[in-house]
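On a predicted model such as this, the values are computed, not experimentally measured, just so you know.
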Amino acid sequence: MLRILLVEDEENIRETVKLNFEMEDYEVVTAADGRTALKHAAEQHFDVMVVDVMLPEVNGFQVVEQIRLSDRETPIIFLTAKDQAQDRIEGLKKGADDYLTKPFVFEELHLRVRRLIERTSKSPLVKPDLFEFGNNKVNFATYEATGNQGDFTLTKKEAMLLKLLTDREGEVVSRQQILQSVWGYDVYPSTRTIDNFILSFRKYFEAEPKSPKHFLSVRGVGYKFSSGK
């Protein structure tokens, strides 16, 4: 039985969509807020996720962005009343595979979900999530990396932070954004922890750690990644 994570704060819509999917023989797990959605996504396997944008506590864009730091494979579709072009673009940039606006017809949602699942299941082999910059290589699927000191393995948090920065190449990512995306929304470490991670990245990947070209500090705000291209 295929499993769906349905994230929707409006009870009537949530229960109606859940019932319709169950009638199509799906197993549906629901969440009414972003924090619960992240908990479910971290603890369970799903074949597809249907996510609203305007959610309590943690919005849908933030939910998908955080999920994508550790899960690049599960198909995700936004189901939302936010119907402006810039909203759709933002949703796809955060990592969603599809975007459907409300009001909607269930048959269309079901068709989109089914096609996403079929497309994913037909992939013969998921390619390693490789990223290269300078003389460095990182495999975000296995956490294996090659840097100044040869081959080594990143921790999960290191890989998530590195993925966040590289996905936003050229953008300044604030310490607050890093804490929310990498460490979640329950317990934050101190901002000094982030600084220590960046120091480690410079040691791993910079030819001259004291004169970094890839991991740049933005005083009073956060950090910015540059591939050096």
Side-chain angles (χ1 to χ4, degrees), residues 2-11 13-15 17-18 21 26-82 87-100 102 109 112-113 116-117 120 126 129 140-143 154-168 171 173-191 193-194 197 222-223:
L2 296 172
R3 304 185 80 243
I4 294 179
L5 175 60
L6 173 62
V7 189
E8 170 62 62
D9 65 322
E10 293 187 41
E11 184 176 2
I13 295 177
R14 185 173 66 249
E15 293 304 315
V17 173
K18 179 177 184 291
F21 272 121
Y26 292 84
E27 179 182 352
V28 184
V29 175
T30 63
D33 60 78
R35 192 186 302 272
T36 302
L38 288 170
K39 185 175 186 296
H40 288 331
E43 296 176 350
Q44 303 180 50
H45 165 76
F46 296 99
D47 296 287
V48 66
M49 301 181 189
V50 179
V51 183
D52 190 10
V53 172
M54 294 180 287
L55 296 169
E57 301 189 35
V58 184
N59 71 48
F61 288 152
Q62 294 169 320
V63 167
V64 171
E65 181 177 50
Q66 185 169 338
I67 289 172
R68 284 302 187 224
L69 292 177
S70 57
D71 179 357
R72 307 291 292 182
E73 301 172 22
T74 305
I76 299 175
I77 179 171
F78 276 119
L79 180 64
T80 176
K82 295 178 72 65
D87 296 318
R88 293 193 294 272
I89 292 170
E90 181 71 7
L92 296 173
K93 286 175 64 177
K94 294 299 184 184
D97 300 278
D98 202 352
Y99 195 105
L100 180 62
K102 302 173 183 175
L109 173 61
R112 290 178 183 237
V113 163
L116 283 176
I117 294 174
T120 303
V126 176
D129 200 350
F140 287 110
T142 64
Y143 304 160
L154 297 165
T155 66
K156 183 176 181 179
K157 282 291 189 290
E158 286 176 332
M160 291 175 70
L161 175 53
L162 185 56
K163 192 74 176 70
L164 177 65
L165 293 174
T166 56
D167 278 353
R168 295 191 179 190
E171 299 180 25
V173 184
S174 72
R175 288 179 174 83
Q176 184 69 16
Q177 288 175 312
I178 291 172
L179 290 172
Q180 291 177 339
S181 295
V182 177
W183 275 268
Y185 294 78
D186 294 319
V187 179
Y188 293 166
S190 70
T191 55
T193 300
I194 300 172
F197 272 61
Y223 292 98

### Query
Mind checking what makes ring pair (Phe, Tyr, Trp, His ring centres under 6.0 Å) contact with Phe197, not counting sequence neighbours?
Trp183
### Query
For Tyr223, which residues count as a ring pair (Phe, Tyr, Trp, His ring centres under 6.0 Å) partner, sequence neighbours excluded?
none
Please name all residues satisfying side chain to side chain contact (heavy atoms under 4.5 Å, CB included) with [X], sequence neighbours left out, ordered by chain then number.
X      : answer
Ser174 : Gln176, Gln177, Val221
Lys39  : Glu43
Ala31  : Val7, Thr36, Ala37, His40
Glu15  : Glu11, Lys18

[atom1]/[X] to [atom2]/[Y] distance, rounded to the nearest 0.5 angstrom?
X      : Y      : atom1 : atom2 : value
Ile77  : Ile4   : CD1   : CD1   : 10.0 Å
Lys163 : Arg168 : NZ    : CZ    : 11.5 Å
Ile67  : Thr74  : CD1   : OG1   : 8.0 Å
Met49  : Asp97  : CE    : CG    : 10.5 Å
Asp47  : Leu116 : CG    : CG    : 11.5 Å
Arg72  : Asp167 : CZ    : CG    : 5.0 Å

#### Entry: Audit row: Asp9, Arg35, salt bridge (charged side-chain N to carboxylate O under 4.0 Å, His left out) steps and yes/no
CA-CA 12 Å; Asp9 65 322; Arg35 192 186 302 272; over 6 Å; no
### Minimum-distance pair of heavy atoms, taken over all atoms of Val51 and Leu55
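Reported closest heavy-atom pair: CG1-CD1, 4.3 Å.
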Measure the shortest side-chain to side-chain distance between [X] and [Y] over non-hydrogen atoms and say whether it is less than 4.5 angstrom.
X      : Y      : result
Val48  : Leu2   : no
Val29  : Phe46  : yes
Leu162 : Leu154 : yes

### Query
Under 4.0 Å between a Lys/Arg side-chain N and an Asp/Glu carboxylate O for Arg14 and Glu10?
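Between Glu10 and Arg14 there is no salt bridge, as every charged N stays at least 4.0 Å from the carboxylate O atoms.
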### Cationic N near anionic O, under 4.0 Å, Asp52 to Lys102
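Salt bridge between Asp52 and Lys102, a charged N being under 4.0 Å from a carboxylate O: yes.
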Counterpart residues, salt bridge (charged side-chain N to carboxylate O under 4.0 Å, His left out), relative to [X] (two or more places apart):
X      : result
Asp87  : Lys82
Arg3   : Glu27
Asp98  : Arg112
Glu158 : none

#### Entry: Under 3.5 Å donor-acceptor, Ser181 side chain and Ile178 backbone
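No; zero donor-acceptor contacts below 3.5 Å.
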### Query
Which residue pairs satisfy the ring pair (Phe, Tyr, Trp, His ring centres under 6.0 Å) criterion with at least one member in residues 54-81, sequence neighbours excluded?
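Checked against ring pair (Phe, Tyr, Trp, His ring centres under 6.0 Å) - neighbours excluded - the pairs reaching residues 54-81 are Phe61-Phe78, Phe78-Tyr99.
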#### Entry: Atom NZ of Lys156 with >12 non-hydrogen neighbours under 6.0 angstrom
no
#### Entry: All side-chain hydrogen bond (donor to acceptor under 3.5 Å, both in side chains) counterparts of Thr30, not counting sequence neighbours
none
### Task
Give the intermediate values and the outcome of side-chain contact (heavy atoms from CB on, under 4.5 Å) for residues Val50 and Val17.
CA-CA 10 Å; Val50 179; Val17 173; 5.8 Å; no
